[in-house]
2 protein chains.
Amino acid sequence: MPKRRFREIEEAARIARALSHPVRLRILDELREGGAYVMHLTTVLGRPQANISQHLMVLREAGLVTAEREGMTVIYRVRDPRLLALVDQLLELAESHVVARGAEEPLAREELPPRGRRRRGACRCPRCRGEK
Amino acid sequence: MPKRRFREIEEAARIARALSHPVRLRILDELREGGAYVMHLTTVLGRPQANISQHLMVLREAGLVTAEREGMTVIYRVRDPRLLALVDQLLELAESHVVARGAEEPLAREELPPRGRRRRGACRCPRCRGEK
DNA sequence: ACACTTTATTCGAAAATCGGAATAAAGCTG
DNA sequence: CAGCTTTATTCCGATTTTCGAATAAAGTGT
């Protein structure tokens, strides 16, 4: 191991911290192709807008995403595609952890997929209206 | 995007949280080849033993490392080699972040490499004495 | 200007994390 | 057994995270 420099390690820890919340991972997952509007994220993830904005701030401050104003709306994008590869590896590792210990506890209520037939993507952001 | 399952995402977040501290990343880095004894970690990382043990507990509870008793000593190993690949990607991403914004603040005192000529690995763990 | 939409920020409380200090626990040696 | 070495755990205070609620800010349309 080539003796990593300290600053890199601290930065790596900051990145990992930004990734250490389920909502933020889901946000990054939604940003995969072409980014997403804030409104879209609140709809798809089913969480209050303020909360989504807070999590987006964390991702922004970690330098992982960019925010671009488009009139009234704001579109967020992943800054470096390598981040998505990283998230993929993280999810793969997580998958083997999960299957390794089988289906144990019954999944927190809060994180269950939203009820009802609210189709994924049924929000009013420009993307979902087919405007862009 | 193949609609990740929630449990995986929560597990991924837990893993990321375990990775979100510089000392823990350095520990994993030290475990790369053949694992390491706790004593070795405290020597190389220059931190109090209790603190190292606490961080090791976090890594254990996240399922990232194993602890194996060998008489008086305990050797820690990375459970899944894919974790090291993940850490590598994390460090690479961190490196571009660091070089991107140049050398700014002068690196916290606490994280500076240890003073003096205490050679890396000059501890009394079985490995460093050439016993194993 | 006013109303409306979309997003960001601030505030406060509950919870989690972190680290030092002290202590416990487990194994070895004599 | 007493003493030593190595590692784990507990306690506690300080800091940080997280989230809801409320509010601010920025842009659009009338």
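Chain naming here is simple, since letters A, B, ... match the order of the sequence lines and numbering starts at 1 in each. On a predicted model such as this, the values are computed, not experimentally measured, just so you know.
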Quiz prompt | Paired nucleotide for C:dC28 [Watson-Crick or G-U wobble; both distances under 3.5 Å] | solution = none

Self-check item: Who pairs with D:dC12 - Watson-Crick or G-U, where each distance is under 3.5 Å
Solution: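 Paired with C:dG19.
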
Measure from [atom1] on [X] to [atom2] on [N] and round the result to the nearest Å.
X: A:E68; N: C:dA8; atom1: CD; atom2: P; answer: 13 Å
X: A:L19; N: D:dT18; atom1: CG; atom2: P; answer: 12 Å
X: B:N51; N: C:dA21; atom1: CG; atom2: C1'; answer: 12 Å
X: B:L45; N: C:dC18; atom1: CG; atom2: P; answer: 16 Å
X: B:R47; N: D:dA8; atom1: CZ; atom2: C1'; answer: 18 Å
X: A:M39; N: C:dA8; atom1: CE; atom2: C1'; answer: 15 Å
X: B:R14; N: C:dA16; atom1: CZ; atom2: P; answer: 13 Å
X: A:Y37; N: D:dT28; atom1: OH; atom2: C1'; answer: 15 Å

Exercise. For the side chain of A:H21, starting at C-beta, report the closest nucleotide among D:dC19, C:dT6, C:dA22.
Key: D:dC19

Quiz item: Between A:S53 and A:R60, which heavy-atom pair has the shortest distance, and what is it?
Solution: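 Taking every non-hydrogen atom into account, O-NH2, 4.3 Å.
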
side-chain hydrogen bond (donor to acceptor under 3.5 Å, both in side chains) involving [X] - partner list, sequence neighbours excluded:
X: B:S96; value: A:R82
X: A:Q54; value: none
X: B:R17; value: A:S20
X: B:R14; value: B:E11

Exercise. Indicate whether OP1 or OP2 belonging to D:dT17 is found under 4.0 Å from a side-chain N or O atom of B:R17.
Key: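 So the side chain of B:R17 is outside the cut-off, no N or O lying under 4.0 Å from OP1 or OP2 of D:dT17.
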
Quiz item: Counting only side-chain N and O atoms of A:Y76, is one of them less than 4.0 Å from OP1 or OP2 of C:dT6?
Solution: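 No, A:Y76 has no side-chain N/O under 4.0 Å of OP1/OP2 on C:dT6.
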
Quiz item: How would nucleotides 23-30 of chain C be written as a contact map, 5' to 3', with B for base contact, S for sugar-phosphate-only contact and - for no contact, using protein heavy atoms under 4.0 Å?
Solution: ---SBS--

Practice problem: Classify the nucleic acid contact of B:A67 as base, sugar-phosphate or nothing, counting any heavy atom under 4.0 Å across all strands shown. | Solution: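 No contact at all - B:A67 keeps every heavy atom at 4.0 Å or more from the nucleic acid.
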
Quiz item: Roughly how far, to the nearest 0.5 Å, is CD of A:E33 from CZ of A:R77?
Solution: 13.0 Å

Quiz item: Could you go step by step and tell me if A:L56 and A:L41 meet the side chain to side chain contact (heavy atoms under 4.5 Å, CB included) rule?
Solution: CA-CA 10 Å; A:L56 285 170; A:L41 296 172; 4.1 Å; yes

Quiz item: Using a heavy-atom distance cut-off of less than 4.0 Å, which residues of residues 53-63 of chain B contact DNA chain D?
Solution: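 Contacting residues: B:S53, B:Q54, B:M57, B:R60.
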
Quiz prompt | Side chains of A:L84 and A:R32 in contact at under 4.5 Å (non-hydrogen atoms) | solution =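 SC-SC contact between A:L84 and A:R32 confirmed.
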
Self-check item: Side-chain heavy-atom pair B:R47, B:V23 within 4.5 angstrom cut-off
Solution: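 Sidechains of B:V23 and B:R47: in contact.
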
